[in-house]
Novice: 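There's a structure below that I have some questions on.
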Amino acid sequence: MKLHTIKSILASVLFFIVVSSTAQEQISVPLSKPNSPVTLKMGIINGSITITGHQTKEVIVIGTKRVSKSRKNKPNKYGLKKVSNNSMEFSAEEYDNTVRVKSSHASTVDFEIKVPINTSLKVSTINRGFIEVSNINGAIEVSNTNGRITLKDVSGSVSADTVNGDVVANLLKVTPNTPMAFSNLNGKIDITLPKSIKATVKIKSDRGDIFTDFDLKSKPQKAKVTKGKASKKGVYKVKVENWITAAINGGGPEISFKTFNGDVVLRAK
């Protein structure tokens with residue numbers, strides 16, 4: 001087998017690390033193709049995720065276990081001193097410039113991750129944490145359940161949703177001809193877009209107001225009517241949804257903003 005073929009195979013071998021430590025640990029994940037765009041994928045149950053773009057050719061993962069505060073000398077059923085367990089476990093694997101980070105569900109771990117600027121994300125958390133992304137250029141897909149989402153000085157395309165928490169994003173540049181979506185249930189949606197963007201926006205807030213400094217050109221649209229399946233008694237449910245639809249700078253790919261309890265703020269910069 002030729003030498004360059006062997007090197008090519010070795011560059012694509014799965015990179016895998018498991019960490020079991022106390023309080024905090026940092027690992028560096030080398031990339032198969034250091035000069036090419038990266039994809040980061042991770043989904044955790046408990047904890048926050050902070051991702052920052054840097055001039056780097058590797059992915060650096062820092063995990064910090066969140067230790068709950070407890071009263072000293074708290075009585076227990078054995079009458080003995082309790083030994084605190086600060087250990088944690090997480091893993092990172094890399095294959096063909098896709099990095100996957102996983103964390104044990106047994107504890108709450110907050111992650112700080114440093115990635116190359118040209119990185120696409122598919123990231124989620126559920127409880128006891130927020131998601132914060134800054135200085136990234138790529139396709140950004142972030143999801144939270146009980147916590148906020150904050151995107152600072154990012155470029156590319158965004159899909160962001162949470163249930164309980166604000167969604168705040170500042171996009172410096174957007175990928176042309178690419179739809180985007182921002183949604184939550186309880187919380188505001190505050191998005192800053194380039195003033196030169198060409199887009200068609202759809203906005204809906206059931207119990208909030210809508211604010212913008214864009215010159216929106218509203219488009220007439222019929223209310224969406226959805227009929228449910230007939231029940232045994234011949235009764236069906238009809239749902240009517242009213243969206244505000246408008247064009248920015250003549251229109252373009254669709255960007256949707258949907259919340260139930262909260263304002264929608266659309267800023268031009």
Side-chain angles (χ1 to χ4, degrees), residues 37-40 49-54 115-124 130-144 147-221 224 241-269:
V38 179
T39 298
L40 173 67
I49 302 172
T50 302
I51 302 171
T52 309
H54 291 268
V115 299
I117 294 174
N118 292 321
T119 297
S120 293
L121 307 176
K122 188 173 184 179
V123 173
S124 67
F130 57 81
I131 296 177
E132 187 170 296
V133 178
S134 60
N135 198 34
I136 290 292
N137 176 31
I140 300 171
E141 183 178 339
V142 288
S143 180
N144 198 352
R148 62 179 172 85
I149 293 174
T150 306
L151 309 177
K152 300 179 179 179
D153 297 336
V154 300
S155 299
S157 63
V158 175
S159 173
D161 67 88
T162 184
V163 177
N164 298 306
D166 294 340
V167 178
V168 179
N170 175 29
L171 280 84
L172 301 179
K173 297 179 181 179
V174 297
T175 303
N177 303 316
T178 303
M180 296 190 288
F182 304 86
S183 67
N184 62 8
L185 185 66
N186 298 304
K188 71 176 179 179
I189 297 176
D190 191 331
I191 310 299
T192 301
L193 298 171
K195 63 175 61 178
S196 60
I197 189 173
K198 295 180 179 293
T200 298
V201 297
K202 289 181 63 179
I203 307 172
K204 187 175 188 291
S205 177
D206 293 84
R207 296 181 178 177
D209 295 314
I210 299 169
F211 303 90
T212 185
D213 53 1
F214 276 106
D215 182 18
L216 298 182
K217 302 298 183 182
S218 298
K219 294 183 176 181
Q221 186 182 25
K224 181 181 178 182
E241 290 188 289
N242 288 299
W243 290 74
I244 293 176
T245 303
I248 298 177
N249 296 320
E254 182 179 287
I255 306 177
S256 66
F257 309 86
K258 183 178 181 180
T259 184
F260 185 75
N261 287 312
D263 295 334
V264 176
V265 183
L266 184 56
R267 307 175 190 269
K269 184 177 180 180

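Computed from a predicted model, the values in this text were never measured in an experiment.
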Novice: For V123 versus L40, what's the shortest heavy-atom pair and its separation?
Specialist: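 Looks like CG2-O, 4.3 Å.
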Novice: Give the minimum heavy-atom separation between K258 and I189, together with the two atoms involved.
Specialist: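 Where K258 meets I189 most closely, the heavy atoms are O-CD1, 3.3 Å.
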Novice: Side chain to side chain donor-acceptor pair (under 3.5 Å) with S205: which residues, sequence neighbours excluded?
Specialist: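 For S205 there are no side chain to side chain donor-acceptor pair (under 3.5 Å) partners, ignoring immediate neighbours.
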Novice: Verify, without hydrogens or angle tests, whether T162 (side chain) and N144 (backbone) share a donor-acceptor contact under 3.5 angstrom.
Specialist: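 It does hold such a pair.
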Novice: Is a side-chain N or O of D166 found less than 3.5 angstrom from the main chain of R148, in a donor-acceptor match?
Specialist: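 No, D166 side chain to R148 backbone: no donor-acceptor pair under 3.5 Å.
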Novice: Taking only residues two or more places apart in sequence, or in another chain, which ones meet N164 in a side chain to side chain donor-acceptor pair (under 3.5 Å)?
Specialist: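 By the side chain to side chain donor-acceptor pair (under 3.5 Å) rule, N164 matches N146, N186.
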Novice: Mind listing the closest non-hydrogen atom pair of A160 and V167 along with its distance?
Specialist: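 Residues A160 and V167, closest heavy atoms: CB-CG1, 4.1 Å.
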Novice: Taking only residues two or more places apart in sequence or in another chain, which ones pass side chain to side chain contact (heavy atoms under 4.5 Å, CB included) with P179?
Specialist: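 With sequence neighbours excluded, P179 shows a side chain to side chain contact (heavy atoms under 4.5 Å, CB included) to no residue whatsoever.
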Novice: Determine whether K122 and T39 satisfy the following criterion, side-chain contact (heavy atoms from CB on, under 4.5 Å), listing intermediate values before the conclusion.
Specialist: CA-CA 8 Å; K122 188 173 184 179; T39 298; 5.8 Å; no
Novice: Sequence neighbours excluded, which residues qualify as side chain to side chain contact (heavy atoms under 4.5 Å, CB included) partners of N249?
Specialist: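 Once residues adjacent in sequence are excluded, the partners of N249 under the side chain to side chain contact (heavy atoms under 4.5 Å, CB included) criterion are K198.
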Novice: Roughly how far, to the nearest 0.5 Å, is CG of N184 from CZ of F260?
Specialist: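 That separation rounds to 11.5 Å.
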Novice: In Å and rounded to the nearest 0.5 Å, what is the CZ to CD1 distance from F211 to I203?
Specialist: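 Rounded to the nearest 0.5 Å, the CZ-CD1 separation comes out at 12.0 Å.
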Novice: Sub-3.5 Å donor-acceptor pair from the side chain of S155 to the main-chain atoms of V174, do we have one?
Specialist: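 Pair absent, no side-chain N/O of S155 close to backbone of V174.
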Novice: Closest approach of A139 and S120, non-hydrogen atoms and distance?
Specialist: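 Residues A139 and S120, closest heavy atoms: N-OG, 3.1 Å.
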Novice: Just so I know, are the side chains of F214 and L193 near enough to count as touching, which here means a heavy-atom distance under 4.5 Å?
Specialist: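 Result yes, sub-4.5 Å side-chain heavy-atom pair found.
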Novice: Would you check if the side chain of T212 reaches a backbone N or O of L266 as a donor-acceptor pair within less than 3.5 Å?
Specialist: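 Yes: the side chain of T212 pairs with the backbone of L266.
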Novice: Keeping the roles fixed (side chain from N261, backbone from R207), state whether a donor-acceptor pair exists under 3.5 Å.
Specialist: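 Here the side-chain-to-backbone pair does not exist.
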Novice: Evaluate the side-chain proximity of V201 to I248: yes if any heavy-atom separation is below 4.5 Å, no if none is.
Specialist: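 Yes, close enough: below the 4.5 Å cut-off.
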Novice: Just by distance, do the side chain of T52 and the backbone of N135 share a donor-acceptor pair under 3.5 Å?
Specialist: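 Not a single qualifying donor-acceptor pair exists.
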Novice: Can you confirm whether L171 sits close enough to M180 that some side-chain heavy atom of one is under 4.5 Å from a side-chain heavy atom of the other?
Specialist: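 Of all side-chain heavy-atom pairs linking M180 with L171, at least one is under 4.5 Å.
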Novice: When you measure from the side chain of D263 to the backbone N and O of K188, does any donor-acceptor pair fall under 3.5 Å?
Specialist: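 Looks like no, no N/O pair under 3.5 Å.
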Novice: With L121 as reference, evaluate V154, I131, V133 under the side chain to side chain contact (heavy atoms under 4.5 Å, CB included) test and give the passing residue.
Specialist: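 By the side chain to side chain contact (heavy atoms under 4.5 Å, CB included) criterion, L121 pairs with just one of V154, I131, V133: V133.
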Novice: Which atom pair, heavy atoms only, marks the closest approach of I255 to F182?
Specialist: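 Taking I255 first and F182 second, the nearest heavy atoms are CG2-CE1, 3.9 Å.
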Novice: Could you list the residues that satisfy side chain to side chain contact (heavy atoms under 4.5 Å, CB included) with K152, not counting sequence neighbours?
Specialist: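 So K152 forms a side chain to side chain contact (heavy atoms under 4.5 Å, CB included) with E132, S134, T150.
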Novice: From L172 CG over to L151 CG, what is the distance, rounded to the nearest 0.5 angstrom?
Specialist: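 It is 11.0 Å, given to the nearest 0.5 Å.
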Novice: Drop me the distance from T119's OG1 to I51's CD1, to the nearest 0.5 angstrom.
Specialist: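 Interatomic distance, T119 OG1 to I51 CD1, rounded to 0.5 Å: 9.0 Å.
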Novice: Do you know the tightest heavy-atom contact between S143 and D161?
Specialist: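 Distance-wise, the nearest heavy atoms are OG-OD1, 3.0 Å.
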Novice: Measure the spacing between NZ of K202 and CD1 of I244 and express it to the nearest 0.5 Å.
Specialist: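 Interatomic distance, K202 NZ to I244 CD1, rounded to 0.5 Å: 12.0 Å.
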Novice: Suppose we screen for side chain to side chain contact (heavy atoms under 4.5 Å, CB included). Which residues come up paired with N177, at least two apart in sequence or across chains?
Specialist: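 Checked N177 against side chain to side chain contact (heavy atoms under 4.5 Å, CB included); zero matches.
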Novice: Do you see a donor-acceptor pair shorter than 3.5 Å between the side chains of D153 and N170?
Specialist: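 A pair is found: one side chain offers a donor N or O, the other an acceptor, under 3.5 Å apart.
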